[in-house]
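All remarks here apply to the structure that follows.
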Protein chains: 2
Amino acid sequence: MTKRRYYTITELTAEFGITTRTLRFYEDEKLLNPERQARKRLYTPRDRTRLKLILRGKRLGFSLAEVREIIEMYDHAPGERGQLEKLQGRIAERQAELEQKQKDILETLEELNQVNSSVQQRLNELK
Amino acid sequence: MTKRRYYTITELTAEFGITTRTLRFYEDEKLLNPERQARKRLYTPRDRTRLKLILRGKRLGFSLAEVREIIEMYDHAPGERGQLEKLQGRIAERQAELEQKQKDILETLEELNQVNSSVQQRLNELK
DNA sequence: TATGCATTTTACGTAAACGTCAATTAAATT
DNA sequence: AATTTAATTGACGTTTACGTAAAATGCATA
């Protein structure tokens, strides 16, 4: 017996903690492309992978439009030199953005640590 | 001559690439508290620092409500044991969130690197 | 067969985060 | 004094990302 081929809409909502509305919305936005069995949606492993990419992008603060661009990079067609070079440019931009976010995170974590220390000290003083 | 004490609204919009509307909106939301000289806003270094925190939070995908909570952690009043412990709990939550974002970023950077490599290889093959 | 349950489609609603006027007002320059 | 320039205060508009309610459909079970 081979791997499951399809996921139902409720399986995905349960696995990722999202609503059916969200899944249908992403489909309207052409981010997902579930097949149909009569009227029911059947999500493929590819849909599930894309969904993970979408949710990860959202966690990082990307809009759906940005998520779409990033996913399109993954799916890029072979293309000619000019296209490929443009693609590299866009990749570099996203990488720079992500590196900025890394810095932002490190700063924030550091500050939260400092707050935590001062709170801890206050707690120690309280007996 | 000591350090500048105030920033005008246009100085801040220029420095951070935002609009006056945004600054007034943050003020309505009680995130900033500029003084007034007649009707004109005079932003203090403290306002500027908070603005930086706001913009950094936004880059990380936090909503203004979340940014507000984070800033309030920085500004927390001394408080009693129960309060302090709750604060530590909230700090831990935010830290976990940020660590998840770090993982998400590393994964995304790795994937973008892979795409970049395959694009580069294609370019090399094109002569 | 009737009934319940999940799913679908349609469509209006909503919260967040500003954008974009329009109508003052004040300060600075001619 | 007249005029340009910068800032302010409403207030309605817009986009994004779904929420939510209603009505129809289809499968499963009592």
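Protein chains get the first letters and strands the later ones, always in sequence-line order, with residue 1 at the start of each. Owing to the predicted nature of the structure, the values given are computational and were not obtained by experimental measurement.
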Quiz item: Are the charged groups of B:Glu35 and B:Arg41 less than 4.0 angstrom apart, N to O?
Solution: no
Quiz item: Does the side chain of A:Glu110 pick up a donor-acceptor pair with the side chain of A:Gln114 at under 3.5 Å?
Solution: yes
Exercise. Walk along DNA chain C from 5' to 3' and tell me the first and last nucleotide with an atom closer than 4.0 Å to a non-hydrogen atom of chain B.
Key: C:dA17 to C:dA27
Exercise. Could you name each residue pair satisfying salt bridge (charged side-chain N to carboxylate O under 4.0 Å, His left out) that touches residues 111-126 of chain B, not counting sequence neighbours?
Key: A:Arg56-B:Glu111
Under 3.5 Å, is there a donor-acceptor pair between the side chain of [X] and the main chain of [Y]?
X	Y	value
A:Arg59	B:Asp104	no
A:Arg46	A:Asn33	no
A:Thr22	A:Ile18	no
B:Asp75	B:Glu72	no
B:Lys101	A:Ile105	no

Grab the N/O contacts between the protein and nucleotides 6-10 of chain D below 3.5 Å, and write none if there aren't any.
from: D:dA7; atom 1: OP1; to: B:Thr10; atom 2: OG1; distance (Å): 2.6
from: D:dT8; atom 1: OP1; to: B:Arg41; atom 2: N; distance (Å): 2.7
from: D:dT8; atom 1: OP1; to: B:Arg41; atom 2: NH1; distance (Å): 3.4
from: D:dT8; atom 1: OP2; to: B:Arg24; atom 2: NH2; distance (Å): 3.1
from: D:dT8; atom 1: O5'; to: B:Arg41; atom 2: NH1; distance (Å): 3.2
from: D:dT8; atom 1: O4'; to: B:Arg39; atom 2: NH2; distance (Å): 3.3
from: D:dT9; atom 1: OP1; to: B:Arg36; atom 2: NH1; distance (Å): 3.0
from: D:dT9; atom 1: OP2; to: B:Arg41; atom 2: NH1; distance (Å): 3.0
from: D:dT9; atom 1: OP2; to: B:Arg41; atom 2: NH2; distance (Å): 2.6

Quiz prompt | Exercise: identify the closest heavy-atom pair between A:Ile54 and A:Leu64 | solution = CG2-CD2, 3.8 Å
Quiz prompt | Test: A:Arg48 cationic atom under 6.0 Å from A:Tyr43 six-membered ring centre, within 45° of axis | solution = no
Quiz item: So which of residues 27-34 of chain B are in contact with DNA chain D, with a heavy-atom cut-off of under 4.0 Å?
Solution: none
Which atom pairs, donor and acceptor, lie under 3.5 Å between side-chain atoms of residues 83-90 of chain B and protein residues at least two apart or in another chain?
from: B:Gln88; atom 1: NE2; to: A:Gln120; atom 2: OE1; distance (Å): 2.8

Quiz item: Picking from A:Val115, A:Leu112, A:Leu109, what satisfies side-chain contact (heavy atoms from CB on, under 4.5 Å) with B:Arg94?
Solution: A:Leu112
Exercise. Can you sort out which residues in residues 57-70 of chain A have a heavy atom within less than 4.0 Å of DNA chain C? Ascending by number, please.
Key: none
